[in-house]
Amino acid sequence: MRRFSADYLDDTRRGMWSPDDREALAPLDLAERSCVLDVGCGTGELSAVLAEETPEEARVVGLDRDPALLAAVPDPAHPVRADALSLPVADGSADLVVCQALLINLPDPLAAVEEFSRASSALVAAVEPDNAAVTVESTVDAEERLTARARERFVAGVPTDVTLGAAPDLFREAGLRDVETRRYDHVRTVEPPYDEATLEGAKRKATGSRLSEQRETLLAGGLSEAAFDALRGEWRAMGREVVEAMAAGTYRRRETVPFFVTVGRVPSSESDFSAPFSLE
Ligand SMILES: C[S@@+](CC[C@H](N)C(=O)[O-])C[C@H]1O[C@@H](n2cnc3c(N)ncnc32)[C@H](O)[C@@H]1O
């Protein structure tokens with residue numbers, strides 16, 4: 001089971017869903033929602049966007065199985081510890097159940113979508129990346145090549161489908177109707193002037209620590225131990241080059257992570273059924 005730190009989520013979600021770039025969320029019809037569950041909410045990055053886009057009186061509840069991440073969700077949200085496959089709510093008690101970057105981490109994503117369909121009286125949605133399609137452009141030449149190599153081995157070695165992206169077939173298999181998908185590119189750029197978090201990230205790159213954290217996955221993905229050591233050596237040299245280029249103010253990087261928003265309607269939403277919301 002993959003674990004995520006609050007720092008990692010903070011870093012990788014920075015700039016995602018900026019207020020002027022939420023078109024891909026339109027099918028969630030957020031202005032009409034009254035009760036939304038954000039499953040696998042982590043530190044609540046998507047929950048905050050949902051709270052901004054839903055009516056003031058609407059309820060947005062973040063749920064996650066990791067108490068350390070829930071502790072980092074800002075007040076006044078009241079996140080709930082729960083498993084995505086067994087939500088502590090009655091059938092049809094939310095009118096949107098949504099997740100972001102959760103299905104790619106589950107061995108059985110269909111079971112989760114089925115559970116979301118049980119808990120929702122109207123819409124189910126998933127915002128999932130295709131990690132095989134991430135691109136990096138960098139002024140440090142080696143960075144594009146090394147990140148592509150590490151990504152390829154990571155995708156091959158991780159036990160779940162981290163390339164899921166758009167999931168219309170999964171949604172239809174779960175019995176959802178009117179399924180549609182939209183693409184959202186999360187673009188992260190680094191350019192001068194660099195903020196403190198970016199400078200820290202570059203120093204971390206020079207230690208090769210994040211690569212070391214992924215060692216077992218990269219080996220499972222087909223890298224030999226010797227190839228891993230060689231990759232780590234090159235990675236650290238690349239990190240030092242990045243730190244130097246930052247000191248000279250010449251470093252620029254652009255990473256694009258393609259996310260796909262999949263939305264479907266639960267069949268029962270064609271009737272007027274909607275149970276009152278309460279957490280069990
Ligand atoms: C990549 S993080 C995404 C967090 C957040 N949705 C975001 O996009 O920033 C995946 C999250 O799913 C949670 N998670 C993984 N498996 C879960 C499960 N079976 N039930 C509930 N949460 C789960 C993890 O604890 C983690 O917070």
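What's counted below: heavy atoms across the whole structure, side chains too, no hydrogens, waters or symmetry copies. For clarity, every value in this text was computed on a predicted model and none was experimentally measured. Residue numbers start at 1 and run along the sequence shown. All ligand and atom numbering here is 1-based and tracks the order in the structure.
Between D64 and ligand 1 there is a heavy-atom distance shorter than 4.0 Å. Within the structure, ligand 1 has L69 among the residues with a heavy atom less than 4.0 angstrom away. The shortest heavy-atom distance from A82 to ligand 1 is under 4.0 Å.
Checking only distances, A101 never comes within under 3.5 Å of ligand 1, N or O to N or O. Considering both main-chain and side-chain atoms, R13 comes within under 3.5 Å of ligand 1 through a nitrogen or oxygen pair.
Residues D95 and S34 have side chains that bring a donor and an acceptor to within less than 3.5 angstrom of each other. Side chains of Y194 and E200: no donor on one and acceptor on the other come within 3.5 Å.
Here the closest non-hydrogen pair linking L25 and V49 is CD1-CG1, 4.0 Å.
Ligand-side atoms of ligand 1 in range of D66: 25 (O), range being under 4.0 angstrom from any heavy atom. Heavy-atom contacts of L106 reach the following atoms of ligand 1: 16 (N), 19 (N) (cutoff under 4.0 Å). Interface atoms of ligand 1 facing N105, defined by a heavy-atom separation under 4.0 Å, are 1 (C), 10 (C). Residue G42 approaches ligand 1 through these ligand atoms, each under 4.0 Å from one of its heavy atoms: 4 (C), 27 (O).
Hydrophobic cluster membership differs between V136 and V140, with clusters built from Ile, Leu, Val, Met, Phe, Trp and Tyr side chains linked at under 4.5 angstrom. Hydrophobic clustering keeps F260 apart from F116 (ILVMFWY residues linked when any side-chain heavy atoms are closer than 4.5 Å, directly or through intermediates).
Contacts of C41 with ligand 1, taken as heavy-atom pairs under 4.0 Å, involve the backbone alone.
Evaluated for a side-chain contact (heavy atoms from CB on, under 4.5 Å) with Y184, the options V127, D21, V257 yield exactly one hit, D21.
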Inset, instruction - Might you work through the side-chain hydrogen bond (donor to acceptor under 3.5 Å, both in side chains) test for W17 and Q100, ending with a clear yes or no? - result: CA-CA 12 Å; W17 298 125; Q100 178 171 281; 2.9 Å; yes
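Checked by atom type and distance alone, the side chain of T163 never pairs as donor or acceptor with a backbone atom of A132 at under 3.5 Å.
Looking only at protein heavy atoms, the nearest one to atom 16 (N) of ligand 1 is R65 CZ, 3.2 Å.
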